Every structure is written in C-alpha cells, then in structure tokens.
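Remarks on the structure that follows.
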Amino acid sequence: MRQARVDLTGVSKRYGAHEAVREVDLQLPAGECVALVGHNGAGKTTLMKLMLGLIRPTAGRVQVLGDDPAAASGAHLRRRIGFLPENVAFTNSLTGRELLGFYARLKREPVRKSMLLLDRVGLADAANRRVGTYSKGMRQRLGLAQALLGAPQVLLLDEPTTGLDPALRQSFYDIIQELRDGGATVLLSSHALTELAERADRMVIMHRGRLLANGTVGELRRLADLPVRLRLAVNAGWTEAMASRLAEMARVTGGGGPVVEATCPEHDKMAVLRRVAGLGAAVEDIDMLPPSLDELYAHFLQERGRTE
Ligand code: ATP
C-alpha cells in the first residue's frame, strides 16, 4: 500500500461513558476518494474531528501527513487539511469574495487565489453578493471553496451533498474527482450509500463507533457473498424446462410466462452464467442483479449484531 496520508491505529474516543469511536484502524493513501458511511451517531464526524486534531483520542494513535494533528506542532498540518463541516454557517453580511478572503488570510493563503476558487465552484458571478442571499447549493459550494483553500492534501467533507439538487451534486463530484486525480486524499461522509459508492474508490462502513467493513464495492460484495438475482427471458414453451435446468445450479425463486427468476451465491455467479449461456437459443436474455448497496450495508450490520 502507498504510504498513508491519514493513519489511525486502534483509535477510540470516549465521551464520559459513551464510546463514540471504538478501536478503529484506518489508512487513507494519497489519490484516493473514500466514502465513510453509517447511520446517525455511527461516529463519522468524530473520526473527522480526530483527523483534524480538534479532539484527542482516548486510546490509539492518529497521524495525518506523518504527524499528530492535535499536537501543538500540528498547526502547520491543519493548513494542509481542508474541511467542510456538515452544517456550514457563514456570516450573512459578507459577500462571497469577502468571506473567502477572510478564510484565505486565516490559512495564510494569497487572497487573490480565493477568487479563482470562487470561479472553480461556479460562484464567480455571485462573488460580490452577500452570502445571506445565497441559496443552499451556493452556500455549500462556498463551503467547498473554503475547504479547497491552500490546495489541501487531505480533504474531509462531512455530508457535503445534503440538500443539493442532482445537477449541483454532479458538479460537486466532478470537482472532487479532479482533486483526487491530482493526488488529494478525500474522505466523504454520507448516508447516501448508493450515490457515494459510484464515486468513491473505497467504502468504509461504521456502526456504533466500530468500523464494520472497509473495501471496494467489489471486495465488499465478495466478502458478504450475498445471493445474486438472475432473471432469464426464455422462448415460449421453454419456461418449465428452463426452470428445472436452472434448479440444478441455482435456487429458482419464481417466474411465469416467458420469465424464470433465480438466485445463486456470488461465488457461483460465473459458473451459472456459463451454463446458462450454454443452454443456447432457448434463453433470449439474461439480467443479473447484484445485491444492492443497502442490502450489503444491512448484511454487515447484521453480522456485527450476531457477534455483539
Ligand atoms: P450523524 O450522521 O448523525 O452526523 P455521526 O456518524 O457523524 O452521526 P458522531 O457525530 O460522530 O456521529 O457521533 C457519534 C456518537 O458520539 C453519537 O452517539 C453522539 O451522540 C456522540 N457524541 C458526539 N460528540 C459528542 C460530544 N461532544 N459529547 C458527547 N457525546 C458526543
């Protein structure tokens, strides 16, 4: 594995008796976009706060860009980390240009660069308008511009697309993609599993402070080994014969008319496909539906439930 930009080893964070994060090991390398998913209260924001050095772990070690972000010496690190909090709240009386200029000074970045960032997130035309007149999507993009100040090497985005319409969401992800391709480490948290899985290189699933799963969608699918659904369109008169042939290798779950439906384990998928293809012209069409991401997520949650 490439050297991790963010490296969490055995990290726990306790608030009184409540353990918000429990024994998490997580490495995020350069040039990777990772989705952090989990229900409310799973510990996503707490993990980001630990990476930002805003809070210290109760146990374990947090390293970002090779240093402890919570240490006094970590101040220089924070300039190389971009953060978009879940609920961005800006001073309404400043214009977009003034506000970003203010953040640029805080980050010790040239103020003129903030105008380029406003342009990048599509806010150049609104730069001289007060932020109070901005729509939710515009505020969110302003938040992203703020997070991008100083060309950060690590970007932590907490539920960045909540409340954005599909077009804005797309342009948001296009920017994220560019940054990732440019070598940034991006961690995106969300409840929107399906949306993130298409965009992220890897998924990290959290539940009640624990890291339940960490891998590409393909890896998680193989690990979960949930049934794959098959839907065969067959030639007239072949339905019953096809159902009984299919029953030799998969579980027939239904059908009727010119359709036979079945499921098979993920690890048998290719063998079943090859045999179905070998059945010749009687099969007119095949649809294969892998388990949905929500099913995968539910699976890992159930697994944890069994071991708790
Ligand atoms: P959401 O999706 O709702 O934003 P999350 O996954 O980001 O949730 P966290 O905000 O990290 O979850 O919270 C994890 C748990 O820790 C929750 O049970 C929360 O109530 C608790 N928690 C977080 N911050 C504190 C705090 N400062 N004091 C006490 N408990 C806290």
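Side chains are part of it too, since the values below use all heavy atoms of this structure and drop only hydrogens, waters and symmetry mates. Fair warning: this is a prediction, and the values are worked out from it, not measured in the lab. Order of appearance sets the numbers: ligands from 1, and atoms from 1 within every ligand.
The shortest N or O to N or O distance between G38 and ligand 1 is not below 3.5 Å. Among the atoms of G41, some N or O lies under 3.5 angstrom from an N or O of ligand 1.
Ion pairing between K269 and E266 holds under the 4.0 Å rule for side-chain N and carboxylate O. By the 4.0 Å N-to-carboxylate-O rule, E295 lies close enough to R229 to be salt-bridged with it.
Contact analysis puts G43 in contact with ligand 1, with a non-hydrogen atom separation below 4.0 angstrom. The closest approach between any non-hydrogen atom of K49 and ligand 1 is not below 4.0 Å. Heavy atoms of K13 stay at 4.0 angstrom or farther from ligand 1.
Using a 4.5 Å heavy-atom cutoff, the side chains of R180 and D201 are in contact. Between K107 and S114, every side-chain heavy-atom pair lies at or beyond the 4.5 Å cut-off.
Under 4.0 Å from ligand 1, the heavy atoms of E86 that appear belong solely to its side chain.
Side-chain atoms of R14 and T58 include no donor-acceptor pair closer than 3.5 Å. Using a 3.5 Å distance cut-off with no hydrogens or angles, the side chains of Q140 and R169 do not pair a donor with an acceptor. Checked by atom type, the side-chain pair S189/D158 shows a donor-acceptor distance below 3.5 Å.
Counting the atoms of ligand 1 from 1 in the order shown, those under 4.0 Å from a heavy atom of H18 are 15 (C), 16 (O), 17 (C), 18 (O), 21 (C). In the vicinity of N40, heavy-atom distances shorter than 4.0 Å reach the ligand 1 atoms 1 (P), 2 (O), 3 (O), 8 (O). The atoms of ligand 1 that sit less than 4.0 Å from any heavy atom of T46 are 9 (P), 11 (O), 13 (O), 14 (C). The E159 neighbourhood of ligand 1 comprises atoms 2 (O), with distances under 4.0 Å to a heavy atom of that residue. For ligand 1 and A42, the ligand atoms under 4.0 Å from any heavy atom of the residue are 5 (P), 6 (O), 12 (O).
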>> The test is side-chain contact (heavy atoms from CB on, under 4.5 Å); show your working for R130 and N92 and say whether it passes.
In response: CA-CA 6 Å; R130 285 178 180 215; N92 284 339; over 6 Å; no
>> As a quick check of understanding, evaluate side-chain contact (heavy atoms from CB on, under 4.5 Å) for L26 and V34, giving each step before the final call.
In response: CA-CA 11 Å; L26 178 64; V34 177; 5.6 Å; no
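Closest protein heavy atom to atom 23 (C) of ligand 1: Y15 CE1, 3.6 Å. Protein heavy atom closest to atom 7 (O) of ligand 1, with residue, atom name and distance, is T45 OG1, 2.7 Å. Looking only at protein heavy atoms, the nearest one to atom 2 (O) of ligand 1 is K44 NZ, 2.7 Å. For atom 16 (O) of ligand 1, the closest heavy atom belonging to the protein is A20 CB, 3.2 Å.
Under the 4.0 Å distance rule, the nearest protein heavy atom to atom 20 (O) of ligand 1 falls outside the cut-off.
Looking only at distances, no side-chain donor or acceptor of D268 sits under 3.5 Å from a matching main-chain atom of A271.
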